[in-house]
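In what follows, chains carry the letters A, B, and so on, assigned in the order in which the sequence lines appear, proteins first and then strands, with residues in each chain numbered from 1. Values below: all heavy atoms of this structure, side chains included; hydrogens, waters and symmetry mates excluded.
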4 protein chains.
Amino acid sequence: MDAQREGKFQRILDAAIEAFAESGFHHCQVNKIARLAGVADGTIYLYFKSKEDVLIRVFQERMGDFIASMSKELSQCKTTEARLKTIVKTHFSYMEENRSIAIVTQLELRQSDPRIRLHINNTVVDYFNLIEEVIQQGIESGEVPKIDTRVARQMIFGSLDEATTDWVMARSPRTLKSEIEPMLALFEGALRLNKPNT
Amino acid sequence: MDAQREGKFQRILDAAIEAFAESGFHHCQVNKIARLAGVADGTIYLYFKSKEDVLIRVFQERMGDFIASMSKELSQCKTTEARLKTIVKTHFSYMEENRSIAIVTQLELRQSDPRIRLHINNTVVDYFNLIEEVIQQGIESGEVPKIDTRVARQMIFGSLDEATTDWVMARSPRTLKSEIEPMLALFEGALRLNKPNT
Amino acid sequence: MDAQREGKFQRILDAAIEAFAESGFHHCQVNKIARLAGVADGTIYLYFKSKEDVLIRVFQERMGDFIASMSKELSQCKTTEARLKTIVKTHFSYMEENRSIAIVTQLELRQSDPRIRLHINNTVVDYFNLIEEVIQQGIESGEVPKIDTRVARQMIFGSLDEATTDWVMARSPRTLKSEIEPMLALFEGALRLNKPNT
Amino acid sequence: MDAQREGKFQRILDAAIEAFAESGFHHCQVNKIARLAGVADGTIYLYFKSKEDVLIRVFQERMGDFIASMSKELSQCKTTEARLKTIVKTHFSYMEENRSIAIVTQLELRQSDPRIRLHINNTVVDYFNLIEEVIQQGIESGEVPKIDTRVARQMIFGSLDEATTDWVMARSPRTLKSEIEPMLALFEGALRLNKPNT
DNA sequence: TATGAATGAGCATTCATTCAT
DNA sequence: GATGAATGAATGCTCATTCAT
């Protein structure tokens, strides 16, 4: 019974991602999400508090998974170099392979409604922490000179985010993964990375 | 007579910036902009096509000025180092000194409505070009090794943008200008800047 | 369930007739129709496309019934004399007994909006055909000399219509049925009716 | 000076007829009338109380002339036959030669707004009186049997009016004057006209 | 649980009219 | 008188949410 409930929850979530990506949050009607999910309008409200809540949960669920998987991969890296590469590679690959989620993340979620922002920040802060930890580790191990971790994190996340938005909004389709190497090189330079075994 | 018209146009623009910053684009009623500008609701429509048009023009006018002034300052710089500093300093200073514009720019304008996006991109592309020219000049003068200018631009703009958004959304007020130096250091490292006369 | 739906449809239709008759189409607010029908504003739009659509349907439904019933009665008449009497009597009786419908028919529906006109004409043309058939039958049976059926129909319908409008707009209430006999006599003269069995 | 004023008054009147005929009363903006008349919006209000007043005056002025000219022609007729012919001929000819006025008269003026109706009725009543006088004269001279003059007038005016509306709304252009003779024949039959000297 | 018909709050925009020049 | 920029009242319709079944 609980599995059934979970299944319907996920179906609505997936339907919402498609609907938001296609029509935009404001122009997408709840009715459309319901139709795509194969449930009645009212059913949505048995699983979510409101349309906004659907948007928030989309982010929490999908980005939560994304962050968890990145966290796991990072834990297996030995060097800062490897960790930076993991961040850039995972970020670009995930977005390129989940375009609808990328659209929702890069465009729809940038609504300024305080309620939405608040919940999103709570989730994205985990990502920020992950990045800052990598920098901190680098500093502690001597691979990276002492720098302001917040500013460095803003640079890394901001760069990845901007590159993704650029890619999402590009008219002519192009690949995002091809930017992994050049972006990584910039990050290494910015952090003045001292590669141990080279 | 034309000066009067221009004055009223600017008054509505300023009122809109305040109103959008306070309530958000979607929740802000045209009536509120009119009240703040000291004109009747209908008067707005003598100067703007629609509420959306107001948002678009806010960006075009204010960012247009911002870009023009940055362009002018850049033309007086002799080195890539100076140019990078001008970019970071001008960006952070302008945003810190025009918080309402920053809110509108960083939050309200990230709506995905295609019409709005389109007009905004046309304006922001000028900023992108400015940044890419600086990188290109650096490469040509030998101050910067040969790198992908688009990726470098994404890093620079993305970092500045993320830092600004972070600052706009920070609960406890803090200064943005204090980030000029550390951010600049990161950029110089990323671009592996070869400072000539030092 | 379908009966319930049909019932609500009719209730809105009746409410609209009252509302239009009282305030006129343009001055009548959708909200008033909803109140009279005992439903919410939005409910109107579950049954009708727009306020204009309500007006059009009022005519189609009510005049459709009127024309159908007249058609049935005409089919039972043996002579042109009887048919003419049926037309005049049914027209005047129906209007006198349904004053609100008469008001809507004679006044509100004479809007020149092309969309409205078009739909109304499609319905009223059935009435025109009915009248022209009666004339044609009279000509074929020799009761009426060969005349232009369109002009004769314009005379008959125009006379009935004008008499009804006159009655609707009369300040002092008077009866419309009392005009049945004198109007009939005029029609018989106009058509130079040759009454067979007299 | 007064001639200048009168000229501008007429220019606005003519502009209004064109504008109403083209766009319909409700969809026609005062601004359009002003443009067509070559005056400023505000100027209209120096000559007319309101947009509705313009519509009313259009009818009063133009139909006033029409009625006056018909009255004059009728006074020169010797027989009821001649008078009936004058009515039908003048009505159809005038409408065919002034299509824009016909459109305004047959369609735009059928608005149910009480204020408009009232003023129009006061004007059209003169036309009704003219027709009823002709019938009365016929009765008194023995050319027409004793009948209800109101009903007879409703038949005559209603027939002419319906024929005109039919013509105005006809998709394929056709002539209205060709209906003079057949319509006249119907009227003579309806009134059982006894033609003296034939 | 699930449904989907019904609800009703909410708002951008138009345009007849005014009035300072 | 003439202008036309400014006014601001007025409202049809949408759509997130509810709730009787």
Assign each of G42(D) and A40(B) the nucleotide of DNA chain F bearing its closest heavy atom; nearer the 5' end lies the nucleotide of G42(D)

How many Å lie between NE2 on H26(B) and P on dA16(F), as a whole number? 12 Å

Using whole Å, what does the distance between atom C1' of nucleotide dC13(F) and atom NZ of K32(C) come to? 20 Å

Using whole Å, report how far CD of Q29(D) lies from P of dT13(E). 16 Å

Interatomic spacing from CZ in R11(C) to CG in L13(C) - rounded to 0.5 Å: 12.5 Å

Comparing C28(B) with G38(A), nearest DNA chain E nucleotide closer to 5' gives the residue G38(A)

note: R11(A), atom CZ; dA2(E), atom C1'; distance rounded to Å ~ 12 Å

Quick one: label K8(B) by what it contacts on the DNA or RNA (base, sugar-phosphate, nothing), any heavy atom closer than 4.0 Å. sugar-phosphate

Would you say dT3(F) has OP1 or OP2 under 4.0 Å from some side-chain N or O of T43(D)? yes

R35(D) CZ - dG4(F) C1' separation (whole Å): 14 Å

Sorted by chain and residue number, the side chain to side chain donor-acceptor pair (under 3.5 Å) partners of D41(B) (sequence neighbours excluded) come out as none

Should I120(B) and M63(B) count as side-chain neighbours, where that means a heavy-atom distance under 4.5 Å? no

Could you give the CD-to-P distance, from Q4(A) to dT1(E), as a whole number of Å? 9 Å

Under 30°, 30 to 60°, or over 60°: which ring-plane class applies to F9(B) and Y47(B), parallel, tilted or perpendicular? tilted

Between dG1(F) (P) and I44(D) (CD1): distance, integer Å: 14 Å

Partner residues of Q60(D) under the side-chain contact (heavy atoms from CB on, under 4.5 Å) criterion, sequence neighbours left out: I56(D), R57(D), H119(D), T123(D)

Contact residues, residues 45-54 of chain B to DNA chain E [heavy atom, < 4.0 Å]: Y45(B), S50(B), K51(B)

For the atom pair NZ (K51(A)) and SG (C28(A)), what is the distance rounded to the nearest 0.5 Å? 5.5 Å

What's the verdict on side-chain hydrogen bond (donor to acceptor under 3.5 Å, both in side chains) for Q106(D) and T164(D), showing C-alpha distance, side-chain angles and the deciding distance? CA-CA 8 Å; Q106(D) 303 305 116; T164(D) 307; 4.9 Å; no

Counting only side-chain nitrogens and oxygens, does R5(A) get under 4.0 Å of the OP1 or OP2 atom of dT1(E)? yes

Holding to side chain to side chain donor-acceptor pair (under 3.5 Å), I want the full list of residues that pass it with S100(B), two or more places apart in sequence or in another chain. E18(B)

Integer-rounded Å distance: dT7(E) P and N31(A) CG: 18 Å

Pairing string of DNA chain F (Watson-Crick or G-U wobble, both atom distances under 3.5 Å; | = paired to other strand) is .||||||||||||||||||||

Test of understanding: with side chain to side chain donor-acceptor pair (under 3.5 Å), list the residues that count as partners of E52(A), not counting sequence neighbours. R115(A)

Look at the side chain of D41(B) and decide which nucleotide, out of dG8(F), dG1(F), dC15(E), has an atom nearest to it. dG8(F)

